[in-house]
Number of protein chains: 2
Amino acid sequence: MAFFVHPARDDISLVGVLNALGDPARLAIVKNLAEKPDGMSCGGAAPCDGMARSTLSNHYRVLRESGLIFQVKKGVENINTLRRDDLEARFPGLLTQILKVAD
Amino acid sequence: MAFFVHPARDDISLVGVLNALGDPARLAIVKNLAEKPDGMSCGGAAPCDGMARSTLSNHYRVLRESGLIFQVKKGVENINTLRRDDLEARFPGLLTQILKVAD
DNA sequence: TCCAATAGTTCCGTATTTTCGAACTACCGT
DNA sequence: ACGGTAGTTCGAAAATACGGAACTATTGGA
């Protein structure tokens, strides 16, 4: 019943990842997702309320295109999941370290 | 004879650092500086030739304002130095990890 | 001292990117 | 089929980045 909204990209670049995380809203989303291995909906992981839905949608697109997350459609929601293993394989220790200092 | 071009900022933010490094030109500059503890001139650490001087100058400003580097004027040049210790104090292990995966 | 060369910065117009409202699509429950 | 919820796409306005031209500052040489 759940299927990928987009294929998960496999050529993750360091600049892409850093650029994606170099925005307060996206870093907040990733921090939220880091605590939920099973993923969260777009609204659920939102960095704040009051942000336009279209803006939020753009942030999720950047996160997806940078390879930080993947999205599966489940019913009416998109479930976003942090690609910890893929990132660990590509850039060992990087995401862990960033999340650690992001407390 | 060498003096600060600007005061080095002391409130380094994580988003600022990630945003600064999330650009190919600036990441290349930082990688160059990482190998020269005594600093390099703007032109010397340039990521490529052919980039406009004004663009390069803007990149150094972003790096300085994010807290990644400081600049001292020495003769006709600006010497740029990576603020490894300050960054290590603020975000332990972060810069090291990024440089490691940036090989 | 005056001049030319070198290294960067600032200014400013253009180009790209980001933001958000409005309209649209998709899915569920009734 | 209808209404409600979740997100995306479109288009215009606001914000930001790029780069050429002009400017400042310093050095070395005539």
Side-chain angles (χ1 to χ4, degrees), chain A residues 1-8 13 15-16 18-29 32-33 36 38-66 68-81, chain B residues 1-9 13 15-16 18-30 32-33 36 38-66 68-81:
Chain A
M1 306 314 160
F3 48 91
F4 279 86
V5 178
H6 301 271
S13 84
V15 204
L18 297 179
N19 179 64
L21 294 176
D23 174 283
R26 290 192 294 260
L27 183 59
I29 292 173
N32 288 339
L33 292 181
K36 309 271 175 160
D38 296 336
M40 303 178 77
S41 69
C42 293
C48 59
D49 35 306
M51 170 172 287
R53 277 137 89 70
S54 50
T55 304
L56 200 51
S57 187
N58 279 328
H59 284 311
Y60 280 104
R61 179 179 48 72
V62 173
L63 288 172
R64 173 164 38 74
E65 290 180 352
S66 72
L68 274 162
I69 66 169
F70 68 84
Q71 299 180 297
V72 294
K73 182 131 186 152
K74 199 170 188 180
V76 76
E77 298 180 321
N78 283 4
I79 302 298
N80 303 276
T81 310
Chain B
M1 306 310 164
F3 47 92
F4 279 85
V5 178
H6 301 270
R9 73 172 297 163
S13 84
V15 229
L18 297 179
N19 178 64
L21 295 176
D23 174 283
R26 290 192 293 261
L27 183 60
I29 292 172
V30 167
N32 289 338
L33 292 181
K36 309 270 175 158
D38 296 336
M40 303 178 78
S41 69
C42 293
C48 59
D49 34 307
M51 170 171 287
R53 285 164 163 282
S54 50
T55 305
L56 200 50
S57 187
N58 279 327
H59 284 312
Y60 281 104
R61 181 180 46 73
V62 173
L63 288 172
R64 174 164 37 74
E65 290 180 351
S66 72
L68 274 163
I69 66 169
F70 68 85
Q71 299 180 296
V72 294
K73 182 134 187 149
K74 200 171 188 180
V76 75
E77 298 179 320
N78 282 5
I79 301 299
N80 302 277
T81 310

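Protein chains get the first letters and strands the later ones, always in sequence-line order, with residue 1 at the start of each.
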What is the distance, to the nearest angstrom, from the CG atom on A/N58 to the P atom on D/dT9? 9 Å

On the nucleotide C/dC27, are OP1 or OP2 found under 4.0 Å from the side-chain N or O atoms that A/N78 carries? no

For the CG atom of A/N78 and the OG atom of A/S57, what is their distance to the nearest 0.5 Å? 8.0 Å

If only side-chain N and O atoms of A/H59 are considered, is one of them under 4.0 Å from the OP1 or OP2 phosphate oxygen of C/dT18? no

Residues that B/N58 engages under side-chain hydrogen bond (donor to acceptor under 3.5 Å, both in side chains), provided they are two or more places apart: B/R61

Under a 4.0 Å heavy-atom cut-off, which of residues 40-47 of chain B touch DNA chain D? none

Quick one: CD1 on B/I29 to SG on B/C42, what's the gap to the nearest 0.5 Å? 8.0 Å

Considering non-hydrogen atoms only, spot the tightest contact between A/N32 and A/M40 and give its length. O-SD, 3.8 Å

Closest approach of B/L63 to B/A20 (non-hydrogen atoms, all atoms of both residues): CD2-CB, 4.2 Å

The criterion is side-chain contact (heavy atoms from CB on, under 4.5 Å); which residues satisfy it with B/A25, sequence neighbours excluded? B/D23, B/P47, B/M51, B/H59

At their closest point, which heavy atom of A/L33 faces which heavy atom of A/A45, and how far apart are they? CD2-CB, 3.9 Å

Taken to the nearest whole Å, OH/A/Y60 to C1'/D/dT9 is 18 Å

Short of 4.0 Å, heavy atom to strand atom, which residues of residues 21-28 of chain B count as contacting DNA chain C? none

C/dC27 C1' sits how many Å from A/I79 CD1, rounded? 13 Å

Polar atom pairs (N or O), protein with nucleotides 21-24 of chain C, under 3.5 Å:
unit_1 : atom_1 : unit_2 : atom_2 : d
C/dG21 : N7     : A/S54  : OG     : 3.3
C/dG21 : O6     : A/S54  : OG     : 3.0

Send over the distance from B/E65 CD to D/dA17 P, rounded to a whole Å. 10 Å

What is the distance, rounded to the nearest whole Å, between atom CD of B/E77 and atom C1' of C/dA5? 13 Å

Work out which heavy atom in A/V15 is nearest to a heavy atom in B/L21; give both atom names and the distance. CG1-O, 4.1 Å

Residues two or more places apart in sequence or in another chain: which of them pass side-chain contact (heavy atoms from CB on, under 4.5 Å) with A/A46? A/L56

Give me each pair satisfying side-chain hydrogen bond (donor to acceptor under 3.5 Å, both in side chains) with a member in residues 38-56 of chain A, each pair once, sequence neighbours excluded. none

Could you tell me the separation between the CZ atom of A/R64 and the C1' atom of D/dT8, rounded to a whole number of Å? 10 Å

So A/T81 and A/V72, side-chain contact (heavy atoms from CB on, under 4.5 Å) or not? Walk me through it. CA-CA 8 Å; A/T81 310; A/V72 294; 5.6 Å; no

Indicate for each nucleotide in nucleotides 25-30 of chain D, in 5' to 3' sequence, whether protein heavy atoms under 4.0 Å reach the base (B), only the sugar-phosphate (S), or nothing (-). BBS---

Spacing of B/M51 atom CE relative to D/dG19 atom P, expressed in whole Å: 6 Å

For A/R61 and D/dC10, give me the distance from atom CZ to atom P, rounded to whole Å. 12 Å

Please find the pair of heavy atoms, one from B/R26 and one from B/N19, that lie closest to each other, and give the distance. NH2-O, 3.5 Å

According to ring-ring contact (aromatic ring centres under 6.0 Å, His included), who are the partners of A/F70, at least two apart in sequence or on a separate chain? A/F4

Non-neighbouring partners of A/Q71 that pass side-chain hydrogen bond (donor to acceptor under 3.5 Å, both in side chains), sequence neighbours left out: A/R64, A/N80

